[in-house]
Structures are given as structure tokens and as C-alpha cells.
Novice: 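The structure's right below; bear with me while I get my questions together.
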Amino acid sequence: MIKLRIHIVLVIILLISVKLCCQDNPDLNLDSKPEGNKVLLHSGSLNTSIANHDITIEHYFQYIDSIVKKYDSLTPYKLTEHVLVRANPWIINNLKNTDYYKMIAKGSFVYDQKEMVVLPKGTSMIIPNVYIAEKIIDSFNKTKIDINIPEYKLRIYEDTTELYVFTVRVGRNEEKYLEMSGRIEDLKTKTGEGYIVNHNRYPRYFNPVTNLEYFVTKRDDERVTKLPQIPFIETEINGKRYGQLIHPTTNPETLGKAYSNGCIGTREEDAWVIYYYAPINTKITIRYNLKIKDINGKEITLKDIYHYSE
């Protein structure tokens, strides 16, 4: 009887050890029965296989949404698209590589970027555990976008640490009638403090001057392509929504210039990074500082592109 009890105790200890071992295994694939594995997301991340076919940009957001919907009820935190993708940074790299001009540099012309594969068949993604997720969420809460108009720069900060610097284009120094608003508009990019308030993941392209929708674009190399499907980011500045967006331009030759109708234009690849570092409620500052320091710490004065000092 004593030996039997000892054997039972040993079996129980063995079962507990196996359970704890599996609990800490980040490569454990539990995609078949996720409903029984919520406890694992407290300590170990889940490794879930993607669909059994290639996922193109055209269907990318639907697929990501399906993953979020499937696992959100199982995570001890709020699983969102931004948390999921930030836990899988290779996805951002894949999206960046769909940039038209990066493909041209590789000798590949792409007429319709929406047909490009961004999640290849057979790859997998991590559903982050609670510790990784909380770290990402904390990072979001500390993130701020800073744009200095005359410098043509957009920076992403986490606290005081500069994560990224991107060259952008800004609004022109002129007033013009825009059919889209039905009145004469000051095209200068507005300054102030505010937040990211909306994402448009399926943007439609309209010419603000004529208010007519268009579907193709002429690139800097004079070739015509369809327009990309890259999210537009809406800002609210000083409590007002001016329609002042952060979005990609298909003509990067215009970056570093006052060229837009007020929006902040970026490279296609940069737009993906900004999108995934700027969820809703991310703080944003748009300023007009002429005096800055160069890389050597020397103070320089930028060109007053809006003639504010005159």
C-alpha cells in the first residue's frame, strides 16, 4: 500500500512537471484547440500557424482581424491588431518591402501592390504572452509623434528615446479653392498638440481640388500603377479635425518640400512603420521650429517656408 501511494505521488509530480514544461514552451502549437489554453498566455506565447495559402495585401487586414477575433477571448489582455503585429515585427518588414520603389530597386515592376504576398504560406506568428503584451501596450502609452514642418521631419519617440526619423512633405504656402470642402482653404499644415483619432485601412483617393476619385497614379519614373492599400492616419490638432492626414505619397520626389494640400506625406514603407507605432490616441505634436541643432550639435536656422517671421 505504501509503495502504491509513493507511485501515485511520483506520477502526479511527473504530470505537474510535464504541464509546467509545456507551459513555458514558446513554440507550442495549440492552434487546433485554443479554447483550452488560455492559462498558457500568462507565461508562454502561443505559436499559431497562418492560413494554408498566401495572404496578399488585399486580404491582409481581413486575415489579421480574424486572428485577433479568434484569440482575443483567450488572452488575459486586450489583443489588438497593433499588439499582434508589434509582437511579430517581421510582418512590418514584409509590409515595408512592398514599397513600389524598393521593388523597382530590385528590378521588379509592380502594377498592383495589392496582389503582392505579405504573409507567405507556411509561416507562423506569435500570440504574445501577457508580459510581452503589457510591454508593448506600455510602449504605446509612452509613444509620441513629433513633426517639425520647416525641417520636413517626422519623428517617433518612446519617452525621450528617438526611435525613427522620416523625411516628409508638408502643406503648400498658399490658399486655394478645394471642391472637396467647397471653399478656399489655407493649405499650410496646421501646428499644435493632439492625438491620432482614426485609421483608414482601405483608403479611397480623391483629388481635393476637383473632389473626383482616381484609381491610378503616375510614379516618379513616369510609369502608371494602381494606388497602394496603405492606411491613412487621421490627426486631431488642438481639438479640431482639419482632415490633416499622415499618409504615403506615390511620388517620393516631393518629400522634403512644401507640396501637399495640408497633409503630411511619407514614403510607402515609412507609412507602415508609423501606422503600427501609432494606434488610436497616440500623442502628436506638429510644430514650426526654425532653429534646430545639426548632427554635430551646432545650432542652425531653417528656411522660413511659410514666411511667418516676415
Novice: So F232 and Y205, would you call those rings parallel, tilted or perpendicular, with 30° and 60° as cut-offs?
Specialist: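 The arrangement is perpendicular - the two ring planes meet at more than 60°.
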
Novice: Going by heavy atoms in the side chains, are T266 and I274 under 4.5 Å from each other?
Specialist: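 With C-beta onward as the side chain, the pair touches.
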
Novice: Could you give the distance from NZ (K144) to CZ (R155), rounded to the nearest 0.5 Å?
Specialist: 13.0 Å

Novice: Just wondering, are more than 12 heavy atoms of other shown residues or ligands nearer than 6.0 Å to OH in Y157?
Specialist: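 It does: Y157 OH has more than 12 such atoms within range.
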
Novice: Check this for me: does any side-chain nitrogen of one of E185 and K176 sit under 4.0 Å from a carboxylate oxygen of the other?
Specialist: no

Novice: Between T56 and E115, do the side chains contain a donor N or O and an acceptor N or O under 3.5 Å apart?
Specialist: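 No, no side-chain donor-acceptor contact under 3.5 Å.
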
Novice: Pairing donors with acceptors under 3.5 angstrom, does anything connect the side chains of E81 and Y276?
Specialist: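 Side-chain D/A pair, E81 to Y276: present.
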
Novice: Taking the six-membered ring for Trp, are H82 and Y275 ring centroids under 6.0 Å apart?
Specialist: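 Yes, they do, as the ring centres are separated by less than 6.0 Å.
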
Novice: Please tell me if the side chains of I284 and I237 come closer than 4.5 Å, counting only heavy atoms from C-beta onward.
Specialist: yes

Novice: Please confirm whether the ring centroid of Y306 lies under 6.0 Å from the ring centroid of Y288.
Specialist: yes

Novice: List for me each residue that meets salt bridge (charged side-chain N to carboxylate O under 4.0 Å, His left out) alongside R172, sequence neighbours excluded, and say none if there are none.
Specialist: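 Checked R172 against salt bridge (charged side-chain N to carboxylate O under 4.0 Å, His left out); matches are E174.
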
Novice: Is the closest side-chain heavy-atom distance between F61 and Q229 below 4.5 Å?
Specialist: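 Side chain of F61 against side chain of Q229, heavy atoms only: contact under 4.5 Å found.
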
Novice: Under 4.0 Å between a side-chain nitrogen and a carboxylate oxygen: does that hold for D138 and K142?
Specialist: yes

Novice: Would you compute the distance between atom CG of L290 and atom CD1 of I149 and round it to the nearest 0.5 angstrom?
Specialist: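 If we round to the nearest 0.5 Å, L290:CG and I149:CD1 are 10.5 Å apart.
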
Novice: To the nearest 0.5 Å, what is the distance between CG (L302) and CG (N289)?
Specialist: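 Output value for this atom pair is 9.0 Å.
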
Novice: Is any side-chain heavy atom of D220 closer than 4.5 Å to one of Y101?
Specialist: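 When only atoms from C-beta onward are counted, D220 and Y101 do touch, with a gap below 4.5 Å.
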
Novice: Looking only at the aromatic ring of each residue, does the gap between the centers of H53 and H59 stay below 6.0 angstrom?
Specialist: no

Novice: Please check if any side-chain donor atom of Q113 sits under 3.5 Å from a side-chain acceptor atom of T98, or the reverse.
Specialist: no

Novice: Would you check if there is a donor-acceptor pair between the side chains of N148 and K153 at a distance under 3.5 Å?
Specialist: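 No donor-acceptor contact under 3.5 Å links the two side chains.
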
Novice: Side chain of Y111, backbone of V224: donor and acceptor closer than 3.5 Å?
Specialist: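 No.
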
Novice: If we only count heavy atoms from C-beta on, is the N94 to I91 side-chain gap below 4.5 Å?
Specialist: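 When only atoms from C-beta onward are counted, I91 and N94 do not touch, as no gap falls below 4.5 Å.
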
Novice: Flag the pair Y164 / F166 as yes when their ring centroid distance falls below 6.0 Å, and as no otherwise.
Specialist: yes

Novice: Evaluate the side-chain proximity of T75 to V130: yes if any heavy-atom separation is below 4.5 Å, no if none is.
Specialist: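 Answer no - side chains too far apart.
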
Novice: What residues form a salt bridge (charged side-chain N to carboxylate O under 4.0 Å, His left out) with K226, not counting sequence neighbours?
Specialist: D112

Novice: Checking side chain to side chain donor-acceptor pair (under 3.5 Å) for the pair T250/R219: CA distance, chi angles, key distance, verdict?
Specialist: CA-CA 6 Å; T250 56; R219 302 283 185 163; 4.9 Å; no

Novice: Establish, from distance only, whether the side-chain atoms of K283 and T143 form a donor-acceptor pair under 3.5 Å.
Specialist: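 There is no such pair between these side chains.
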
Novice: Is it true that atom NZ of K190 has more than 12 heavy atoms of other residues, nucleotides or ligands lying nearer than 6.0 Å?
Specialist: yes

Novice: Under a 4.5 Å cut-off applied to non-hydrogen side-chain atoms, are M125 and L84 in contact?
Specialist: yes

